[in-house]
Structure formats: structure tokens, C-alpha cells
S.K.: 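Below you'll find the structure I mean.
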Amino acid sequence: MTDPFAFDPPAPRPGGIAARARAAASGAVAYLEGLNPEQRRAVETADGPVLVLAGAGTGKTRVLTTRIAHIIASGRARPSEILAVTFTNKAAREMKERIGMLLGTVAEGMPWLGTFHAIGTKILRRHAELVGLRSDFTILDTDDQIRLMKQVIQAENIDEKRWPARALASFIDGWKNRGLTPDKVPAGEASAFAAGRGAKLYAAYQQRLKDLNAADFGDLLLENLRLFREHEDVLRSYQERFRYMLVDEYQDTNVAQYLWLRLLAQGRRNVACVGDDDQSIYGWRGAEVDNILRFEHDFPGATVVRLERNYRSTGHILAAAAHLIAHNEGRLGKTLFTDDEAGEKVTVTGAWDSEEEARLIGDEIEALQTKGHSLADMAVLVRISAQMREIEDRFVTLGLPYRVIGGPRFYERLEIRDALGYLRLVNNPADDLAFERIVNTPKRGLGDATIEQLHRYARAARIPLMEAARRMIETDELKPKPRSALRDLTTAFARWSQRAEEMKHNELAELILEESGYTDMWQKERTAESAGRLENLKEFVRSMEEFPDLGAFLEHVSLVMEASEAEGGDKVSIMTLHGAKGLEFDTVFLPGWEEGLFPNQRALDESGRAGLEEERRLAYVGITRARRRAKIYFATNRRIHGMWNSTIPSRFVDELPEANVEVTEAPAGYGGYGGYGGGFGGSRFDKAAPFGSSYSTPGWQRAQRNAGSTPGGGSAPGGRFDAGRSRSGPMLIEGELVAKSTGTTSSFDTGDRVFHIKFGPGTIAAVDGNKLTIDFDKAGRKMVLESFVQRV
DNA sequence: TCCTAGCGCTTTTTT
DNA sequence: AGCGCTAGGA
């Protein structure tokens, strides 16, 4: 097969790459057409460090792929000399496809385009022995990690209750994200776990990994760092190989990834990082926004290109998002603009409770659908997965087709992990973690006691568990029952290993699942769930066909933990805000904009101001997903952990610019009155809460009173959505719906007796703007908006 | 060894 | 409210 990018000696063919390269020099190349001046600059500044600050919807991927095409077509480097890293497999795949489209069929020729972890693995396998591994090391998933850490904790006689393996895992993960080996962990942090034994446990865990010839996800990078630092020749060879480097989503890199990139970029310094500091939403898993903020400092003389022309959203949406994110400090600062029309304003709608919120969204979707909008162009973006349920319930009731994106991943399902356990063990009999996973699944009467015995034997003889089992069944140390069960198992594995030589790996998998009794186990269960599991197993075996052998398949699984996304069909998407990054929809529904939920209280508690800013970026990401319509909702009552809580609107609602936002209310008839005639399931608040259903609600009356009595004719300071002004159209009690966090005076005072439609009578304990803290006679202390209470 | 009742926890998620 | 894990009993 000829490599069209072998430029030596240059043999120009008309229309060939070399010809295109020459054309590139004169600036008349097809792939550059249609780029705006900034994009073009980002593409054509090929040499030296470049930082591309690419706002939402500004053509980031296009710049990245065109840049690669340009580097290749201009003869600067061959595809195999370009390092291009992404975070997700999806992004890598997309980039491959798009480069292929730009250049013909070359994407295969880019062996160094992939995720950080995939590329790290590739490098590590080549030099594994230099860091104490063999090149066929196994990659552990989170499940295995936890199990291993449990063992380490037990071995140290530490109380698992007080110091759960999960917690240790997150500590170690954090350290690895920051590029810290056990000896480098700061003393203060090391002592935060298990009374000072954190670092020791970390070291013990690393030792166990080496014993098992295994690496966890963090190691894939951390061991790369070690490799590069301890073996300069290796580092240099990669520095020379990678003539050009590109990094996608740079704002999401953690310290380890940053160090890795910096080591490699020290070679030729042709590194281009593309990212958006305003879309950094993974700080909680180690991403350092600082990396992007510091780029110019790290690479003096770097070219910085700002992409600010947005091709996605209409004017109001963009303006609302821009105004919101401007509340963050520590930004590099971009101002997105668009030539598109102003379009529809962003809407903010208050609902009585989360059920009503779901109804409003469902109805809006149906209304849009009636007008001919496709469901696939709509998405509901939630802060936490727990919000999905109510939305789904509502959609089911309405018969609205939907799909949830980002649920449990295929390879994380119990039955798939079990099946993988069998395959891993066939592939590598020394895989102790796999052995433990499946030794008693299905039940073979091999319980803790037997496993414990095996462990002791294996440890003493320094052999893997499978080998220990083989030897132990020849002794009489085991009771007869477990002994014969274990004999069956080991002989079965011996047989399967043999068959592996001659059989196709997917057929072997089927055979194993059959003979081991694993499929039987689920068949016996005869529930809807077990039927689904069997279906998944079939799909699992089918998916193996695409790989040349078992080893390749297992590598794929450990690195590409992906569900085959059920595409197709006209469906509304439901996903978390995190899951929505990088996607776009005509209409975006954003429910749950309430203090505590969004911004999320826990983010605030754990990370303070930084946490708040990250939440705000998340809000920004949410709004900027919308092409034509962004619809924000908040509910006054929400069930949290099964308990009804009263909530107040998110401060982010307050931070939206008045000019681009329309505050609406639940349409008349909501709450069980009028038009709907009980057509929907009905909320428990139907009778109790005719909220927003007429001009005579308590809230409306209160709003009117306020408007009349506010000094300065209704332009209360700080209140963005004053009732009484612009009272045209459907704006009703919006002045009361939207929380005014500061500066507004309430007509209520501490000590006033009030009546709340749901909580009954109570006494005001504190007043903060239009938020009241009330001690209810029956319901206890709650914070509510004043529009929901009446003076008594 | 297996089953089950009760306890505690509950953001976001990739690789 | 719901789920997963643990302990304790059959």
C-alpha cells in the first residue's frame, strides 16, 4: 500500500497532495475556504505554540481538523508524525472521520490520534519493562481498583467501615491526576486517610498492581511520566517523532496530562491547544483551568487566537449566556457574537413543583412538535441524574418518545463484567481479579472460606490464584465439595484455553458462557431484567466479531468503555449538563434552576467560589447548547431524597440580562383548573395550588400591591424582573417569581403571621429580599418566596 | 454457604 | 424514595 504522504522524493502529481501543498502556500486551497479570518489564522499559524480560545459554537473541531489537514498538505509532517489528543473516544472518532473527509482516506495513517489514555497505553506497552510492567499488562477498571484497594486496606488491618475503599480510591485518583507518585504525596494529604497511612496504602496498592502486571487508568499517564523522566532517550525519541501536536479541550486537562504534554512539547514546540476556559466543567475530577490560563506563560511567544464568532445560536441566547458567564472572575475573556437574527428570547418559567415543571416541559414539546419541530432537535438538560426520573415519567404518560443519554455504560453492566471476567481469565490465567470475580459466579459453593484458603496458598507460593487452585486440588487441604467444584472449574479453563487456539474468539465466548453455566443462571431467573441481561450478553458476543482476536477485543473494552448508542428514531434527548457538552439542539429545556440543586449545594460546600464558578460555567454550557430556543425552569417545591423541600430560584436566573429574557408563567389552567379538564394525571397540588391560574392568586395580588408601593414607581434596585413595568402580554407575577437576592425590601417583617398554601400557618423568622424564612406551625422551618404566602 | 432484613448514603463522569 | 452493601441468621 502506498503512502500518499511519503514526500521523499517529492514527485508532484497534478491534483496530488504535493500539488495541494503548493496550492496551500499560495493560499488558494479548498480546505481553507469558508474559514473566517480568525479560524484561518488558527489553522495557518502552524509553527510554534498556539492557543486557540474557541468559544461555544465557533467551529472548534473544524479548526482542529483543518489544521491537521494543513500540516499534512503543506508537507510539514506526515500523518504519523502528528500527535493529536482528545479526551473522549467519541471526539477522537469524530476527528478521524472529519480528517478523512478533508484529505481522502488518510485517517488510518494517523496512528497518534486518540485519547490521552489510548496514546499513553500505546507508548507504555512499547516500553513497559522500563517501568516494571510487561507489555501485556492488564488495564483495570474502577471495579477492579476498588476490589484491589479493599484487599490492601484489609491487609493493613484498617477498619473498612471508617475508611472505605471508595474513599481511598478517590484519594489515589486525585494524586495520580496530579502526577504524584506515593513518595511525592504531600504529608498533609497523606495523613488525611486512615490516620496518616494514606501514602503507605497508595504505595502498597501500586505494589499490588505491579505484582498483578496491571495498571489502572491513572497509571496509563503517570507511568508515562515516569518513563519520560527516567529515560531521557525514550522521551527524546517521542519529542522528535511528534513534529506537531494538537490538544482538544485543553481546559479539561489535569496536571498529569499537562506535564505529559509539556515534556513532549519541549521538543519541537509546535503545540496547538484548543479550548474554552468558560466550558471547564470537570474541575471535580482533576481538570485544571489554570492550565489554559497559564498557556502564554508556559510557552512564551505563543500565538493566541480567539474564536468569537458563533455559528450556532441566535442573538438573545448568545447574549444571555454571555451576560451570565461574565459574572465569573478569572477568565481569559471572550465575547461571542453572531450575525444571526435575535430570535426568541430565553424563557424563564416558574412551576409550583417538579411535577408541574415536567408537565410544562412535556406540553411545550408537544406544542413544538405540532408545529412541525422534530423531537430529535430537542433536549432536556438536567443538573443531576435524579432529575431525569420525573421528566421520564411525564414523557411516558404523554407517550413522548425519548432517549436517555449517558446512563450506565454497556461494559459496566454486571453481566458484561462477569462475561469479561471469564474472557480475561482465558486470555491471562494470572488475572487474579478476574478469577475472584467469577470463581463463584454462578454459585459453585466456593465461598469466602475457600477463597481465603486459596489466597493464603497463592501468597505463600507466590503464584496466581488459578495456579494455586490447580495445585490445591491435588492436596487434601480442601473439603471434598469445594475441591471438586474447583477441579471442575480449573479443568474447564484448561479446556477453554486450549480451544482458544483453534476457535474464533466470539464462538469461544459463547461456548464459555454456555459451559460455565453463566447463561443458565440468568435463564433460570425468568424476569424481565434477566431477559435483558441475556440480550446484552448476545450483543456482547456479537460485538466481538469486529475484532481480530481476544486480546484486541479486551484492549478495546478497557479503553473504550462505550455503550453503542441507540441512534435513530425521532426522540427527545434527556441528559445531564455534563453529558451535553459538545452537542447542540434547536430547543433546549433547562429544568431545576434552583438554589441548592443548581448551583449545586455540594459543589458550593466543597469548592466554594471555584465551585460556584464551575456551576456557572455549567449553566453557560447549558444555554449555549441551544440554537434557537433556550427554556429555563425552576420549581418552588422539589422532592429531594424523598422529602418535599421548598426551594428558591437559582441565582443564575438573576444573573440573566433582562433584555434577552422573557419571564413566563405556567399557562392558565395549570394546577388542575379549566381547560385541561383533568387530562393529565394530576398533582397532589391540583386542589391546593391554583398557582398562576388567574389574576386573583395571592401571589398576583401581592405583586400588584408591591408594584404600587415600591418607591420610584416600580423600579426597585436590583430587581431585574419588576412587576408593574411592561405589564403587557402574559407577564403576571414575575416580579415575585424571580428571586431578588439582595437590595429589595420585602413588605413582610420578622414576626408577621402568614399563611402558606402548602405548609399552612407560620411566623416569619427572617427576611432576605423576597425570600422568607418561616417557622411553620406544622411543617417546621422553611425558606419560601414571599409570593407564596399571604398575611393573615 | 446462602439469603435476607436493615442501614446508610445520595453531583457531575472519562478513560 | 431507592439502592447497594453488610451483618447476622438459617
Side-chain angles (χ1 to χ4, degrees), chain A residues 85-92 114-121 139-146 150 159-161 164-167 170 173 176-177 215-222 249 252-254 256-257 280-287 381-390 393 405-409 411-412 414 440-452 479 481-482 485 555-563 575-582 592 596-607 611 614-615 617-619 621-622 638-645:
Chain A
V85 269
T86 64
F87 274 83
T88 62
N89 293 296
K90 195 173 152 208
T115 62
F116 276 98
H117 291 84
I119 290 170
T121 305
I139 299 167
L140 299 192
D141 58 40
T142 325
D143 229 45
D144 294 326
Q145 274 182 66
I146 303 278
K150 254 189 193 150
D159 181 9
E160 276 181 273
K161 272 282 158 55
R166 287 216 153 275
S170 79
D173 243 26
K176 288 187 175 179
N177 283 158
D216 65 17
F217 280 112
D219 285 339
L220 297 178
L221 276 156
L222 195 64
E249 305 277 13
D252 287 337
T253 48
N254 61 35
Q257 288 157 340
S280 166
I281 54 173
Y282 286 108
W284 49 273
R285 69 176 199 213
L381 311 183
V382 296
R383 176 61 184 83
I384 62 171
S385 308
Q387 285 172 264
M388 291 182 181
R389 202 178 145 164
E390 267 176 310
D393 282 351
I405 300 197
R409 273 172 292 280
Y411 292 114
E412 280 174 12
L414 177 77
N440 202 29
T441 311
K443 302 262 180 288
R444 302 187 171 91
L446 295 168
D448 292 345
T450 316
I451 308 303
E452 184 48 38
K479 295 205 184 96
K481 256 200 216 150
E555 176 97 344
H556 168 86
V557 168
S558 47
L559 284 175
V560 192
M561 285 282 221
E562 268 185 311
M575 65 188 99
T576 62
L577 287 160
H578 284 90
K581 198 167 89 161
L597 178 61
F598 189 36
N600 191 270
Q601 192 57 46
R602 211 158 141 174
L604 263 36
D605 292 345
E606 284 171 13
S607 315
E614 183 154 314
E615 294 284 305
R617 291 194 290 267
L618 206 44
V621 167
R638 185 172 297 274
R639 197 164 21 196
I640 300 164
H641 307 321
M643 302 266 291
W644 281 99
N645 287 74

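The sequence lines fix the lettering, A, B, ..., with proteins before strands; numbering per chain opens at 1. It should be emphasised that the depicted structure is a prediction, and the values quoted were computed from it without experimental measurement.
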S.K.: Rounded off to whole Å, could you give me the CG-to-P distance for the N600(A) and dT10(B) pair?
M.R.: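 Rounding to the nearest Å, CG of N600(A) and P of dT10(B) are 12 Å apart.
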
S.K.: E614(A) has an atom CD; how far is it from atom P of dT13(B), in whole Å?
M.R.: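 These atoms are roughly 13 Å apart.
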
S.K.: Please confirm whether the shortest side-chain N or O distance from S385(A) to OP1 or OP2 of dT12(B) is below 4.0 Å.
M.R.: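 Answer yes for this pair, as a side-chain N or O of S385(A) is under 4.0 Å from OP1 or OP2.
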
S.K.: Rounded to the nearest 0.5 Å, what separates atom CZ in R602(A) from atom CD in E615(A)?
M.R.: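 Between R602(A) CZ and E615(A) CD, I get 12.0 Å after rounding to 0.5 Å.
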
S.K.: Phosphate oxygens OP1/OP2 of dT11(B): is one of them under 4.0 Å from a side-chain N or O of T576(A)?
M.R.: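 For dT11(B), OP1/OP2 do not have a side-chain N/O of T576(A) under 4.0 Å.
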
S.K.: Using a 4.0 Å heavy-atom cut-off, does R389(A) contact any base of the nucleic acid, only the sugar-phosphate backbone, or nothing at all?
M.R.: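 Result for R389(A) = sugar-phosphate.
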
S.K.: For E249(A) and dT13(B), give me the distance from atom CD to atom P, rounded to whole Å.
M.R.: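 It is 15 Å, rounded to the nearest whole Å.
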
S.K.: Distance check needed: dT11(B) C1' versus L381(A) CG, whole Å only.
M.R.: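 Taking CG of L381(A) and C1' of dT11(B), I get 16 Å after rounding.
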
S.K.: With sugar-phosphate meaning primed atoms plus P, OP1 and OP2, does E606(A) contact a base, only sugar-phosphate, or nothing at under 4.0 Å between heavy atoms?
M.R.: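 E606(A): base contact, heavy atoms under 4.0 Å.
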
S.K.: Between E606(A) and W284(A), does a side chain to side chain contact (heavy atoms under 4.5 Å, CB included) hold up when you go through it step by step?
M.R.: CA-CA 10 Å; E606(A) 284 171 13; W284(A) 49 273; over 6 Å; no

S.K.: Whole-Å distance between dT13(B) C1' and N177(A) CG?
M.R.: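 Whole-Å distance recorded here is 12 Å.
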
S.K.: From the options dT15(B), dT13(B), dT11(B), select the nucleotide whose nearest atom is closest to the side chain of L559(A).
M.R.: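 Nucleotide nearest to L559(A)'s side chain: dT15(B).
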
S.K.: Identify whether a stacking contact exists between Y282(A) and dT12(B), where the ring centres must be under 5.5 Å apart and the planes under 30° apart.
M.R.: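 Given the distance and angle limits, no, they do not stack.
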
S.K.: Which nucleotide, dC2(B), dT1(B), dT15(B), lies nearest any side-chain atom of N440(A)?
M.R.: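 The answer is dC2(B), which lies nearest to the side chain.
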
S.K.: Report yes or no: is the ring centroid of H641(A) under 5.5 Å from the six-membered base ring centroid of dT10(B), with the two planes under 30 degrees?
M.R.: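 Base of dT10(B): stacked against H641(A).
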
S.K.: So if I take every side-chain heavy atom of R285(A) and compare against dT1(B), dT11(B), dT13(B), which nucleotide ends up nearest?
M.R.: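 Taking heavy atoms from C-beta onward, the closest nucleotide is dT13(B).
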
S.K.: Starting at atom NZ of K90(A), determine the distance to atom C1' of dT13(B), rounded to an integer number of angstrom.
M.R.: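 Spelled out: NZ on K90(A) to C1' on dT13(B) is 14 Å.
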
S.K.: State the CG-OH distance between D141(A) and Y411(A), to the nearest 0.5 angstrom.
M.R.: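 Going from the CG atom of D141(A) to the OH atom of Y411(A) covers 13.0 Å.
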
S.K.: Please enumerate all residues that pass ring pair (Phe, Tyr, Trp, His ring centres under 6.0 Å) together with F87(A), with sequence neighbours excluded.
M.R.: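 With sequence neighbours excluded, F87(A) shows a ring pair (Phe, Tyr, Trp, His ring centres under 6.0 Å) to F116(A), given in chain and number order.
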
S.K.: If you count heavy atoms of other groups shown closer than 6.0 angstrom to CG of D448(A), is the number above 12?
M.R.: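 No, the 6.0 Å shell around CG holds no more than 12 heavy atoms from other groups.
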
S.K.: For DNA chain C, which nucleotides open and close the run of contacts to chain A, 5' to 3', at under 4.0 angstrom from a non-hydrogen atom?
M.R.: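 Reading along DNA chain C, I get dA1(C) to dA7(C).
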
S.K.: Let me spell it out: for each of L618(A) and D448(A), pick the nucleotide of DNA chain B with the closest heavy atom. Which residue's pick is nearer the 5' end?
M.R.: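 Whichever sits nearer the 5' end wins; that is D448(A).
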
S.K.: What is the distance from atom CG of D216(A) to atom OG of S558(A), rounded to the nearest 0.5 Å?
M.R.: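 D216(A) atom CG to S558(A) atom OG measures 12.0 Å (nearest 0.5 Å).
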
S.K.: For the CG atom of D252(A) and the CD1 atom of I281(A), what is their distance to the nearest 0.5 Å?
M.R.: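 Atom-to-atom, D252(A):CG and I281(A):CD1 are 7.0 Å apart.
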
S.K.: Does T121(A) reach a base, just sugar-phosphate, or nothing at all? Heavy atoms under 4.0 Å.
M.R.: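 Contact class for T121(A): none.
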
S.K.: Measure from CD on E412(A) to C1' on dT13(B) and round the result to the nearest Å.
M.R.: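 Distance check: E412(A) CD to dT13(B) C1' gives 9 Å.
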
S.K.: Please write out the pairs of protein N or O atoms and N or O atoms of nucleotides 5-7 of chain B separated by less than 3.5 Å, giving the distance to one decimal.
M.R.:
none

S.K.: If you round to the nearest 0.5 Å, how far is CD of Q601(A) from CD1 of I640(A)?
M.R.: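 Rounded to the nearest 0.5 Å, the CD1-CD separation comes to 10.0 Å.
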
S.K.: Identify, between A118(A) and E615(A), the residue whose nearest nucleotide on DNA chain B lies closer to the 5' end.
M.R.: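 The residue closer to the strand's 5' end, by nearest nucleotide, is E615(A).
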
S.K.: Taking only N and O in the side chain of R383(A), is any of them less than 4.0 Å away from OP1 or OP2 of dT11(B)?
M.R.: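 Answer no for this pair, as no side-chain N or O of R383(A) is under 4.0 Å from OP1 or OP2.
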
S.K.: OP1 or OP2 of dT15(B) sitting under 4.0 Å from any side-chain N/O of T142(A)?
M.R.: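 No, because none of the side-chain N or O atoms of T142(A) sits under 4.0 Å from OP1 or OP2 of dT15(B).
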
S.K.: Quick one: Y411(A) OH to dT15(B) P, roughly how many Å, whole number?
M.R.: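 After rounding, the gap between these two atoms is 13 Å.
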
S.K.: Tell me, with the steps shown, if R383(A) and H578(A) meet side chain to side chain contact (heavy atoms under 4.5 Å, CB included).
M.R.: CA-CA 8 Å; R383(A) 176 61 184 83; H578(A) 284 90; 3.9 Å; yes

S.K.: Should the pair F217(A) and H117(A) be assigned to parallel (<30°), tilted (30 to 60°) or perpendicular (>60°) ring geometry?
M.R.: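 Because their plane-to-plane angle is over 60°, the rings of F217(A) and H117(A) count as perpendicular.
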
S.K.: Indicate yes or no for a side-chain donor-acceptor contact from Q387(A) to the backbone of I384(A) under 3.5 Å, with no hydrogens or angles considered.
M.R.: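 A pair under 3.5 Å: yes.
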
S.K.: From the list dT1(B), dT13(B), dT11(B), which nucleotide is the closest neighbour of the side chain of A449(A)?
M.R.: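 Nearest nucleotide to the side chain: dT1(B).
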
